[in-house]
Every structure is written in structure tokens, then in C-alpha cells.
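Below, read A as the first sequence line, B as the second, and so on, with proteins coming before strands; counting in each chain starts at 1.
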Amino acid sequence: MALLNGILAQLLNGLRIGSIYALIALGYTMVYGIAKMINFAHGDIIMVGAYALYVFVSLLHVHPALAVVLTIGFCAVMGITIEKIAYKPLRNAQRLAVLITAIGVSYLLQNLALLIFKATPIPFGSIIRVPSITVGEITISGLTMVTLAVTAVVMVGLTLFVNHTKMGHSMLAVSEDQGAAKLMGINVDRTITITFAIGSALAAVAGILYISQYESLLPTLGALPGIKAFVAAVLGGIGSIPGAMIGGLVLGIIESMSKAYISTQLADAIVFSMLVVVLLLKPSGILGKLSIEKV
Amino acid sequence: MKKVLKTAGIACTIAMLASSVASAADTFLIGGVGPLTGAAASYGVSVKQGAEIAIEEINAAGGVTVGDTTYELALQFEDDQASEDIAPQAYNAVMDAGANVIMGAVTSGACIAITAQTYADGILQVTPSGSAEACIENDNAFRICFSDPEQGVAMADYMTDTLGLTKIAVIYNTADEYSTGIREAFEAEVAEKGGEIVASEAFQTNDTDFNAQLTTINGTDAEAIYVPAYYQDATYITKQASDMGMSLPFFGSDGWDGVLGTVTDPATVEGCIFTSPFCASVDDEKTVAFVEAYKAAYDATPDQFAADGYDCVYTFKAAMEQAGSIESADLIAAMTEISVSGQTGDPITFDASGAPIKDVKFVTVKDGAYTFVE
Amino acid sequence: MKKYGKQIIGCVAAAAVYAAVMILVNGGFLSRQMMSLIIPVCMNIILAVSLCMVVGFLGELSLGHAAFMSIGAYSGALILKSGLPTVAALPLAVLVGGVCAALLGLLVGIPVLRLRGDYLAITTLGFGEIIKSVFNAATPVTGGAGGLKKIPPVTTYRNFTFVYILMLLVILLVSNLVKSRHGRAICAIRDNYIAAEAIGIKVSFFKTMAFVIAAFMAGMAGVVYAGNIGILKPVNFDYNTSIEILVMVVLGGMGNITGSIIAAFLLTVLPEMLRGLSNYRMLVYAIALIAMMLFNNSPLKRMLVEKHNMRQAGKIE
Amino acid sequence: MALLEVKNLGISFGGLRAVDGLNMTIEEGSLVGLIGPNGAGKTTVFNLLTGVYRPTDGIIRLDGTDLVGKNPSQICQAGIARTFQNIRLFSDMTVADNVKAALHNQISYSLAGSLLHTPHYRKKEKEIDGRAMEILRVFELDQFAGYKAANLPYGKQRKLEIARALATNPRLLLLDEPAAGMNPNETAELMETIKFLRKEFQVTILLIEHDMKLVAGICEELTVLNFGEVLCQGKTADVLKDPQVITAYLGE
């Protein structure tokens, strides 16, 4: 019974961190699926979202609900700006060129935050207060439930948006073939800009939930969840919206299970080994489409 | 912008002083090496700011008189991003600027990466916070802080002998030298004293989620948790433990200093005990003066890194006065003869190995404020 | 005749650089800060040129170059620490470091055969993180998080000649390889792997070969690193290091060896030149990086390239 | 014995039977056309013959050697070379290097030679240079040897692809719509080239083509595919008169 409770508790720990990964991975996968670029700065937009929320709530004393909206708006605008300045001129360049620029943007955001907010972590209490639920000996944290719910809603919302709106269809078209989409009268630039706006807004949501969970602001806070979420997105099949959700949750659970029952020292090694194994068995991730080149 | 002007100002001053050798007050340049950017930036910034406070104090009081010459202290602090790769360049940059002594590096690895060169150059090197034993292997190298094993042993003794705890869980950073160094010594000493390490859980730098480790510990019969790590980690760990409803007492290393500044609810660290040479909230005169000056200058409460930086500068002053010279060899020889009245110890003396001799103190959080454990 | 002309220019340039560095170092014209950059520059050139082979010529994105470097660094460092006289230990360490890294390259080569593009990239990143974790955990051999210490400083700027020769060798081997049937096969795979297969090129073999050779060279660079810094820590070989090397290759114009060399030099020296900016240093570095990438793909640059292409096409018509 | 023997060849993609029960023999030295409406499965046949796809059933023999299950590079070494419907050049490489890459297995030397540029390497490279130029000259591409392949005009890119395929010294050459996108003049020129290289390189040719003028002009035999199955096979003149073929092409 104790063992079972232990396993259950560790599963919940996995869900807690996994739901955050999933939320971030959704943003990654969205941008990747449509703009076909790995946005290495995605994690740093989460950081910006977290700091923005802090500025609105603690420094400007805006009502938390409004602050959430403002934060999402701020990040979306920032996403658009970054896209316009740093990525758009590279639309026709090699894909790697954009990747490197994204890394540059990541450095830029981190160092800007460092200059503005300094290196010392800033404590910032959660604005989301949801009571935990206790079932038997197991306690489920309120925030975990909120994060899971938000991630699920976002996933469903994104799927509906992509499949049932005009903009969504444009996105699908652009993701299939930019050139053809352009010929069909789709405004590719605008579609990609909107993709970035949505991706950044999702990053903001992730940032808000992340900071509510961990309550400490650091200029580098986005880096690690960013890279883990990237792994999650690939694990789930990058470009696939439900894949991102599954990848995130699976990654979180593997992580907490290997920490609990194998080795905390080698947890990262185990997580990445799992990734390699999954990709060897299924080269395009759990839910990814294998694109076969037509000969 | 202010900082740029300030740096430019210092640089100008150095240039002017260098060009006019005959000026009344010569400059004694302290070369600082430590992280000002990157994940470890806060340690380097603290050391730098603590040292600047000390330098201002000393210069305001007329500088350091060595023989017939009065020296004004100056600091050139170069960023090493806490990286072994960049530390040599940072060190050589301050040497190019004509540093007389080296304060640094702030982190152990970066410090070790430059010890061979400082030794070859024969310059006095005092690391404020490089706690690995290898930092002071050479004869020219000294340190202000305790070494990792010293801290681990001191805490193990305190927990087993004084508090009578026998079943202890440990959470440590497997990717961090400081953390693994303390942990090793701590676990060995606990075993020596007949205690038991019931869980030894690792995490990685930048990890923020400790629920898996805490859940594991919760499943053991641990009586206390020892966390040899930095205050950010402690912040996450104590918060998540309290969220889980754990009530085990926490013990920590000197990296915990500053934890009250980063927790959202002081109750989560209430009653924790950590080894620390410095405590900003005690009300002896010297500490209060330092804390106030620091607050006025940087709008922040000094942590132990700042105190280490401060003491480092006073160590240089004492060595200059004792040596009666600013030649490196004389300064190094004087190090074992001086006694410094610092923030992290009073007195601080140094043994031939380069380690400081000062009392280990334990700090606890009581009613949301630090106090020394009596 | 034109071919030999290029080779002569290369030799002259190599000798001139060597002479210039020796004069600057021994004549005391260089600041210590600049002297401490000499070896890192050489090392980064080796890393960039070797990665250039995988990214630029083979066309696969690798985010695990630092892992190869770390294997080389650790195995080489163990040899350096073994107490052999430097004359024997250094070449042996470089060789062993290279071989160990090449073996890992072979291991990584297995997924390489199945994966492409971003999936391969994330796998190489994963390999890097696995290696890092293992090094962290294998304390008895690697010193764990505390690092492998007291490595004899055998590749400081005083041993510039050795490192420089190593660097030239790497540049020579890679540029030779590119101009050979093996190099053509690798480039063919990059340009169109289906057509490459169709003309009888064994794609898996050449992919693995490119990875192994690049890994070997990165391993040698790792030994240079070990002998220069004197302490090895797993954290210094994380994906950020791999990305830094990748930045050099991409900035150098992918598949352009000279470009990689110049980019490696610039990106090593630039952060040091920016020290005067103190806190704004990394910010300026980031902006410079973005600006350079944007320039590389700007209409201005494209116009210049296109003009060249048009001239070629024009001649044909 | 026939050079190429295909018996009962078939492949299914999921439920779709893309090629079914294909029988075909090609005699050494002949020039055969594979025609049929769009989507008839012609390119799929090429992909089966060159190992891009593995057949679900059937036999492929080149000069008696079984080719089923071999990968494309092995099949190329066995003696089948091809061009592609959508040109697949090594576009960032020079025109000469495109051909030299294809000489990879013909004129060989060790990796050590590649890395060190040994005298043996120099000798062999000279040989490769000579051979490549020889082939390029046949296609009148020699003066563009140093240009990037991507910078060639379309018609010349098609020619280069054929040149590259020939460099592998094939016994059987598969041409996938060589005249696609060419104007009548270029097509006429291409016909001459094909005739010439057939003699010059003594290669057997199987080609897919929609341009009936070309097909009628140079192919000796034809196989007509429709919905993955053989509609008709035989001498060119007979096949083109077959009412079934005409219906398949022109509709009801």
C-alpha cells in the first residue's frame, strides 16, 4: 500500500512538471509546425512572461486577472516584434540561419533581463490560489490541476482553431507548402506572424503558470524548461498538437519515475536515453507524421 | 548607465595615475575575477559590491599607508561567467591592467582554472568564496570562506552531537562541486558519528522541481534534511516541502545565506539552520555599518558573498601594512602573520595552507529573521 | 596550375600567421589577455572546421559536438596526468582523445542512419546530455562535478607550435577530404540523398564516416582544451558549448572552411574585445550575432551573390 | 538472355495496388519506352527497379542477378542508373562535381588518399577529371564544368542528370520523362543525344515519356501501363495503333 501510494505520488509529481512541459511544448510545436523553425528563444519568452506578470502585479499593482491578460498581450506583441525584426528577413535563408538568430535572440532576452532585474532571484508569490485535494494519503496540488486543465484547454482550443477557422486553414496550408500557399492567395507573412503571436502568447501562459508553481524569478529561468519542452515536443512528434501534450506528460512522468526509482544522479541521462530509444523505434516521435519524400 | 560611467571613471583614474607616477597617492589595484553575467552572476556581483564598499571605506579613511607611500585602493573586476574557459582571459585582462593582487575567482572551478597562472606569476591570490580545496593548493593562494569539507564536517558534528539526530536525508546538486564536496564530507562524518544517511538525493543545476526527491524522502524515516546548496535551490526545496505538508527540519550550508530574500513566505524556512560566517541582521556595530552602506549604495542586503568580498579587501590592506611593501612575495609572506577583523570572522587569521582560521557559526531563521544559534 | 596557386597561397598564409604570432608573443607586443586567447582560437578553429564537415558538407545538424570534445578531453587528460614525459604524453593524449571521440562518433552514427533533420539534431543533443550526466556520476574516474583537476598545462600559448600544427593539420585534412571522391559523396548526400543513393553512394557509410572523422577532430580539440585550462568539468560541455561551435559554422557560411575559420576567430575574440562594456558585454554580443546573421542574408549580400550567379548564367545563354 | 527480366512485379501501398503483375523483358542494346496516362504507375516501376521501393511480390533480374531487396546504391552498382522526373541534381555542387560524384565507384582510391592527397590520389583524380570531361563533352556541357549545377538552364540540367547517370557506367539506363519541359527544338536535340549515347556508351535504355513524337521517333518497343497494369506491349508502331491505347490516352 505504501509502495502504491509512493508510485501514485511520484506519478502526480510527473504530471505536475509534465503539464508545464506540455504547455511550453505546445508553443514550440505550433511555431515549428507552421514556420518550420526551432525557436530557441521560446524558453526565454516564458521568462519574459514571468517577469512581465511580476511587473504588472507587484510593481504596477494591476489586478491579477487583468495582469494575466496584459502579460499575454505583451508577450504576443513581443513575439510579433521579434519575428518581424529577427526572423522575417531570413524567411528564404537556410533554416539553420534562423536557428542561430533565434539563439541570438535568446541571449539578448536573457541579458536584457539580467540588466533590468539583476541576477538575484526575485520572490514572487503565486497569483493563482487553488486549494489542494486530498484523496486518502495522496495530495493533488491545486496548481497542478489548474496547469493540466489549462494545457488541455489550450490543446483542444488549438486543435479546433487550426482545423475549423480560416486562419487555421491558412496555417495548415503554410505548413504544408509555403510556396503553394502563397499561390493560393494566402498571406504567408501574416500567417506566420500570427503563428508567432499565438506561440508567444502560449509561452506567456506557460510563464504565468510556471512562476505560480515555482515562485522565483531568474533571468535564466526559461532555459531549462525550454530545452526540456523542446525534447517533449520532439518526443511527441514535433508539429503535432496532441503530440506535444503527450510528449510533455510522458517526459515529466519518466523524469519523476527515474528520479524516484532509478537514480536521481542519472535522471537526465535516463530521460535522454528514453528519447533516443523512442526516436529509434519511431523516428518521427510518438504522434509525428513521417514525411516520406516523393521520388 | 551609471555603472558604465563608474567603470569608465575608474579606468580613467587608473590611466591618469599610471601616467603620473609622482602623484601623492599611488594606486594599488585589486584585480577581481568572478561572474557578472550568466547563471552565477549574483555571486560575482555581490563580491564585487562588497569589495567596493570596503574600498570606499578605506580610501575615505585615507587609503593604505605602506612605508612612506599612501596607496589608494582601486578595483578592476572582470567577468568570467563562472566558467573555467573564460576565467584565464578575465585574469589576464586584470593583469594587463596592472593588478597588484588577485581577488578571485569567485567560483571554485574558475578559481582552479587560474591558480596555475597566478602561481607562475607569483602574485597574491585570495579567493573570497572559492571553497574547493584545490583553490588554495599553491603557496600564493588563500581563501576567506570555509572549505567545502570543513563545512560538511562542522554541520555533521552539530547535527549528530549537539542535536542528537541520527537519521538524515540529503539533497545535493550532483553537477556542482561545492554541493558534492560538502555532501561527501558530511555523509562520511555522519557515518563516523554513528548516524545514518537514509536518503541521498541528487539534482542538477537549474532544476526547479524537487517534488520527486522530497516524495522519496517522505517515504523514509528521516528526522532531518540536509541541503548543501545555494539559496535558490533551498527556496524551491523548502517551498515544495511545505506544500507537500512535510515538517522535517532543514539544515543547510553557507550557500543558504540570502534565502529569506528569495522565499515568498518566510514560514517555509522558519527554524532552518545553516552554517554561515555572516548574518546581515545581527546588530553588532560593524555588521550594521556594512549593511547600511551596502543598502545605500546598491539598494540590496549584502549576503555572505558580499561579506567575503569585503573581508578580502581588508585582508589585502592588512597584508600590505604587515609586509610594509606591495611586492607580491612580501605580501604572500605576510599573509600568515596578519589578523583581520572582518565581517565573516573576527579575528580571521590564515594558516600556511592558505585556509582561514575563524569560528564556524550556525545561523537560524527565527520569526522571519536570521539570528546566530547560541 | 590554378589549384597549386591556391595551395601556395595557403602555405604562405599559414607560415605568415605563424611568424606573426611568434613575433607578437616573443616580442611582448601582445597583452596577456590576448595571449591567453591564442590557444582557444586554435581550438575553436579545430572545432568549427570539424563541425563544418557535418553541418556544412554532410548537411546534418549536430548539437552534440561538445560531447565528442569532452570524451577527447577526459581521455586525453587521463593520459596527460599519467606522468609520461610531455614529449610522449601529448601526442599520445591527442591520439587517444581523438580515437575515443571517434568511437563515440560511431555510436552516435547508429541513430544517424535512421534519423534526419531536427530529429537527428535533438538526438545528438540528447547524447551530449547523457555523456555529461555520466561524467558527473563517474566521480572516481572523472572527478565528478568537482572536475578532473591538475592536468599538466601542456597546451598553453608556450606550446603554440604544437597546437598550431594540429590546427593546420585539421584544416588541411578537411579541405583535402572535400576535394576528393569521399568529400564529393558527402556533399552529394547533403544536396540530394535520393540521387546520391541512385548513383551508387552508400549513404549510411558516408554519413557515419563524416560523423566519425568530425568526432575524432573534436576529440583532439578536447585534449588541447584540457591542456590549456587544466581542469575539466562536465558542465562546460553542455549543449550551449555545442551551440557556440554551431554558431561559428553557420556564421562562417556553412560549408565554407575559410568562413568557419574566420567566424571561429571572431567569435572567440569578440567577447574579450567587448570587456570594456562591462555589464553590457553579452548584450552587445547577442546583438552583434543577430546583426551578423541578418547581414549574411540581407538583400545587399544576396545582391552580390546573385550578380555572380547571373554572370554565370548569362555566359551560358 | 535478356538484360532485364521482370516477372509478375507488384506493389501495394496500403490498399492501393500501384503496380500489379508487371512482366517485362528488355534485350541488351534495345531502347524501350514505358508510357501511359498520368498516375498509371510508371515512376513507381522505376522506383521498384532501382530499389527505392521494395516490391510486394515479383522478380527483378538484371542479367540473371536477383535485384529484389537490394538498396538503391547496390542496384546502381549492379548496373542500373536513372534520372528523375523532378530533376535531382546536386545543386550546390559544380557541374563537373556532379559527374565526378557519380564516378565514385568507377575510379576509386582509399580514404587515406582523400585525406592526404597522395600521389595515387592525384593520379586517380586526374583520371576522374578526364573521364568526367569526356562525358560532359558528349552533352556539350564541358564549357560549364565549373558552374554551380543550380545555375544551369533547365534543359541543360536535364542533360546533366543523364550525364551523371551515365557516369556510373550502367548497363541499363532509366530515363524518367527526359523531355519534360523542353521546347520542340530541345526535344529534337535530346532525341539525337539519346541515339548517340546509346551507340557511344552501348547502354540499354528504358524511358518514360509523354512526348509521343519522341517516343515514336526513337523507341523500338513500348510497354503501356494503365492503373498499374500492363495494357499492351510490343513494337512501337503496333502499340501506337492499338485501339485500347488510344482509348486510354484520349478517353472514351
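In this structure, CG on D97(D) lies 11.0 Å from NZ on K179(C), to the nearest 0.5 angstrom. Note: L172(C) CG to L115(D) CG = 9.5 Å, rounded to the nearest 0.5 Å. Distance CG/N192(C) to CD1/I87(D): 11.5 Å, rounded to 0.5 Å. How far CG of L103(D) is from CD1 of I199(C): 8.5 Å, rounded to the nearest 0.5 Å.
When each of T50(D), L111(D), L116(D) is scored by its heavy-atom pairs under 4.5 Å with chain C, the top score falls to L111(D).
Across every non-hydrogen atom of A195(C) and F90(D), the tightest pair is CB-CE2, 3.8 Å. The minimum heavy-atom distance between S73(D) and I201(C), with the atom names listed, is CB-O, 3.4 Å. Here the shortest heavy-atom pairing between S180(C) and Y121(D) reads CB-CE1, 3.9 Å.
Contacts between I128(D) and chain C at a heavy-atom distance below 4.5 Å involve the side chain alone, from C-beta outward. S110(D) touches chain C through its backbone: at least one of N, CA, C or O sits under 4.5 Å from a heavy atom, while the side chain does not. There is no contact between T83(D) and chain C, counting heavy-atom distances below 4.5 Å. Looking at T168(D), the atoms closer than 4.5 Å to chain C (heavy atoms on both sides) all sit in the side chain, from C-beta outward.
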Check: salt bridge (charged side-chain N to carboxylate O under 4.0 Å, His left out) between R184(C) and E125(D): does it pass, once the steps are laid out?
Finding: CA-CA 12 Å; R184(C) 282 191 294 266; E125(D) 272 295 297; 2.9 Å; yes
Check: Hey, mind stepping through R190(C) and M93(D) against side chain to side chain contact (heavy atoms under 4.5 Å, CB included) and telling me if it holds?
Finding: CA-CA 10 Å; R190(C) 170 198 65 195; M93(D) 293 165 69; 4.2 Å; yes
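Proximity of the aromatic rings of H104(D) and F206(C) is defined here by a centroid distance below 6.0 angstrom, and this criterion is met.
Side-chain atoms of S114(D) and R181(C) form no donor-acceptor pair, as typed in the model, at a separation below 3.5 Å.
Other residues, nucleotides and ligands place more than 12 heavy atoms under 6.0 Å from the CZ atom of F201(D). Atom CZ of R137(D) has more than 12 heavy atoms from other residues, nucleotides or ligands within 6.0 Å. At most 12 heavy atoms of other shown residues, nucleotides or ligands fall within 6.0 angstrom of atom CD in E140(D).
Judged by distance alone, with hydrogens and angles left aside, the side-chain atoms of N105(D) form a donor-acceptor pair with the main-chain N or O of G200(C) at under 3.5 Å.
Listed by chain and number, the residues in a salt bridge (Lys or Arg N to Asp or Glu O under 4.0 Å) with K159(D) are E189(D) (sequence neighbours excluded).
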